[in-house]
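Since this is a predicted model, take the numbers as computed values, not measurements. Throughout, protein chains are lettered first and strands after them, A, B, ... in sequence-line order, and every chain is numbered starting at 1.
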Protein chains: 2
Amino acid sequence: MSKSQRLVQLIMRINSLKSFTVQQLAGEFGLSARTITRDLQELSELGVPVYSVQGRGGGYRLLQERMLPPIAFTEGEAVAMFVACQSLNNLSALPFDEGAESALHKFYHYLPADVRERIDRLKQKVAILSPNRTMNPECLRTLLQAIMIRCVVTIGYSSSQGVKERDIQPIGLYASGGYWYCPAYCFLREEVRLFRADRIRSAVLNEAMEWREEADRWDLRNRPENVDTNPIPFTVSLTRSGVRQLESDEWFGPFLVVQEDGGGKATIRISTENMRFYADHIWRLGADARIVEPAEAVEYMQRKLESLKSVYDTNE
Amino acid sequence: MSKSQRLVQLIMRINSLKSFTVQQLAGEFGLSARTITRDLQELSELGVPVYSVQGRGGGYRLLQERMLPPIAFTEGEAVAMFVACQSLNNLSALPFDEGAESALHKFYHYLPADVRERIDRLKQKVAILSPNRTMNPECLRTLLQAIMIRCVVTIGYSSSQGVKERDIQPIGLYASGGYWYCPAYCFLREEVRLFRADRIRSAVLNEAMEWREEADRWDLRNRPENVDTNPIPFTVSLTRSGVRQLESDEWFGPFLVVQEDGGGKATIRISTENMRFYADHIWRLGADARIVEPAEAVEYMQRKLESLKSVYDTNE
DNA sequence: TTAAATAAGACAGATCCTGTCTTGTTTGCA
DNA sequence: TGCAAACAAGACAGGATCTGTCTTATTTAA
């Protein structure tokens, strides 16, 4: 094995040890202690954060963070990662710390001048935006950490009754429609619930509480709120403009049936407790959509209409 | 200079040349041709996609893509990039090609087993979602490409009058509220307009048309649609629940004034042509919000109410 | 005080790297 | 067709670097 290959191997080996002595490595690699000493010195000069403790019980330690061996990327790979991470930066709050930024710096540093120029042009022009500027990225980071290491979190959650403390076991984290959501097992309600992350005002890991196994089965393809029990049909009829507005809708889009006159219909199956949610969703379309069934939803819309009408009537 | 350093230098040098001969490099590096030959052979074995053309006028060429010299990352950096890109993967359509994916593979490959396990746990649990599954990632990619290389694009755009072809000069690309938007100079209307990317059914680079310089001044902080000319005040009064719904709203959130009783008010300044947009935005809140001014918006809401009312009345 | 650890210099021998020379092959051009 | 320009690859000597051994010094915990 050549020396440079050996150095890469050495990085991998010392990554997997929290502490080691020169003799030990010399044995493992079949080399003399002097050579290993020299290698470690060289790695240190190359930026591997290794330090030594002299004296009995001493040895070498890795400072802070483990390192990966040097990896060669193609230009396309670097640009793709760069643009992806860069565009995320405009998401007001992100659960990642400075790690991503320093990695971007490394990529940027090695890119040839012409590619750098092209990337600079994209920097302020491609983004994934989140309108929500009120939330604390520290909370997101804590939630992410909790998912990774399987830990219960004590949060301060702002509901309509004010901010209350509760223990949750976060089992996922996703951004959708400009908001972060955190599905979690709630120890207060003793069930899996969906929390709006911007309503989580504080989050602290609570290592004292025990992790419940059932949460591990959850993933994005199998969201508990999507599993409707006892589903009923929910049908809307749409004008031409209504069709256009719903055609790329998350829920109704896939079930849209367009008629010859340009209008359309869509029927989805929902559980009764979510009726209001879908009715409110349709409400946004105004006169371009009419709920056909269930009757409760039609009534709900009519009540909503009356109450809004009274809001404007009393004030004229 | 040590051999390994020299190889890194060599990668950089050959990246900046499309074609070169051994003699040439031997001169530049002050080494013999034989040594350079051997170095190139070694780089080739390490995966640098270099190939040779024999005969007069021949030489070495770089196949496909330029490569970056090997870069060492810390574990934290790798995890941050990995999770960031991974979570983006769930965004139904992304403007990046396989580049990001193969880069992720490299990171994953070098990560120690325990970190891999933690990442696996996150994979299906953290995401940035987009509800819109109808759009073509190929279009996004073309638009991104066009921004990078400054090129006009011919698109098929679906408006209320059907799909029409038009030439645009894309000047940005962003995702917000689950949709991709593309601000672009429109050659048809001769002004900068905002296009919904999911309504762009096809996109082809049109290298024949000339690029207009004024588009380069645009960036995300200086969006043309935010520059309202001749602004008028737009005021809503809110119930307690309305306050809660608007507090992290993109437009009204920052201007919310909460009263002692829990209700609130918000006044923003808009241009008259956007009145309907903001009124429709407030419409969503139902009876939890009442538009106070301008009078045109109040009338608009009342007309919308009447038309929705008639939709349900005629059918009972 | 001692044992176990790093730190670092010196030096010979081993190994690898480099340059030179050589023979071959491929390819475009005159 | 033959020549010149390019790569391909072997051989070998000399040089450079790496490695192992030996050594001395220092640090630290037991």
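Both A/Thr37 and A/Met1 lie close to DNA chain C; mapped to their nearest nucleotides by heavy-atom distance, the more 5′-ward contact belongs to A/Thr37. Each of B/Thr21 and B/Arg34 has a nearest nucleotide on DNA chain D; the 5'-most of these lies closest to B/Thr21.
Atom pair A/Ile36:CD1 and D/dC18:P shows a separation of 14 Å (rounding to whole Å applied). Atom CZ of A/Arg61 and atom C1' of C/dA5 are 10 Å apart (whole Å). Atoms NZ (B/Lys3) and P (D/dA16) sit 17 Å apart, rounded to a whole Å. B/Asp39 has its CG atom 15 Å from the C1' atom of D/dA9, to the nearest Å. In this structure, A/Leu40 atom CG and D/dT19 atom P are separated by 13 Å, rounded to whole Å. B/Gln23 has its CD atom 15 Å from the P atom of D/dA4, to the nearest Å. Distance CD1 (B/Ile14) to P (D/dC7): 13 Å, rounded to an integer number of Å. Atom-to-atom, CD of B/Glu42 to P of C/dC16 comes out at 12 Å; the value is rounded to the nearest Å.
Here B/Gln41 does not reach the OP1 or OP2 of D/dC7: none of its side-chain N or O atoms lies under 4.0 Å away. Residue A/Thr35 places none of its side-chain N or O atoms closer than 4.0 Å to OP1 or OP2 of D/dT19. B/Arg6 has no side-chain polar atom (N or O) that falls below the 4.0 Å cut-off from OP1 or OP2 of D/dA16.
Under 4.0 Å is where a charged nitrogen must lie from a carboxylate oxygen, and between A/Arg66 and B/Asp114 at least one such pair does. At a threshold of 4.0 Å, the pair B/Glu101-B/Lys106 does not count as salt-bridged, since none of the basic side-chain nitrogens sits closer than that to a carboxylate oxygen.
Under the 30°/60° scheme for interplanar angles, the aromatic rings of A/Phe73 and B/Phe73 are found to stand perpendicular.
Geometrically, B/Arg116 engages B/Tyr108 in a cation-pi contact defined by less than 6.0 Å to the ring centre and at most 45° from the axis.
For A/Glu42, the CD atom is densely surrounded, since the number of other residues' heavy atoms within 6.0 Å is greater than 12.
Picking from C/dT20, D/dA8, C/dT18 the nucleotide with the shortest atom distance to the side chain of B/Gln54 gives D/dA8. Picking from C/dA7, D/dT19, C/dT18 the nucleotide with the shortest atom distance to the side chain of A/Ser52 gives C/dA7. With C/dT18, C/dA10, D/dA8 as the candidates, the nucleotide lying closest to the side chain of B/Tyr60 is D/dA8.
For B/Gln24, the side-chain hydrogen bond (donor to acceptor under 3.5 Å, both in side chains) test picks out no residue, with sequence neighbours left out.
Rounded to 10°, the angle separating the first-five-pair axis and the last-five-pair axis of the helix from C/dT1-D/dA30 to C/dA30-D/dT1 equals 30°.
For the pair B/Ile11 and B/Pro70, the tightest heavy-atom approach, listed with the atom from each and the gap, is CD1-CD, 4.2 Å.
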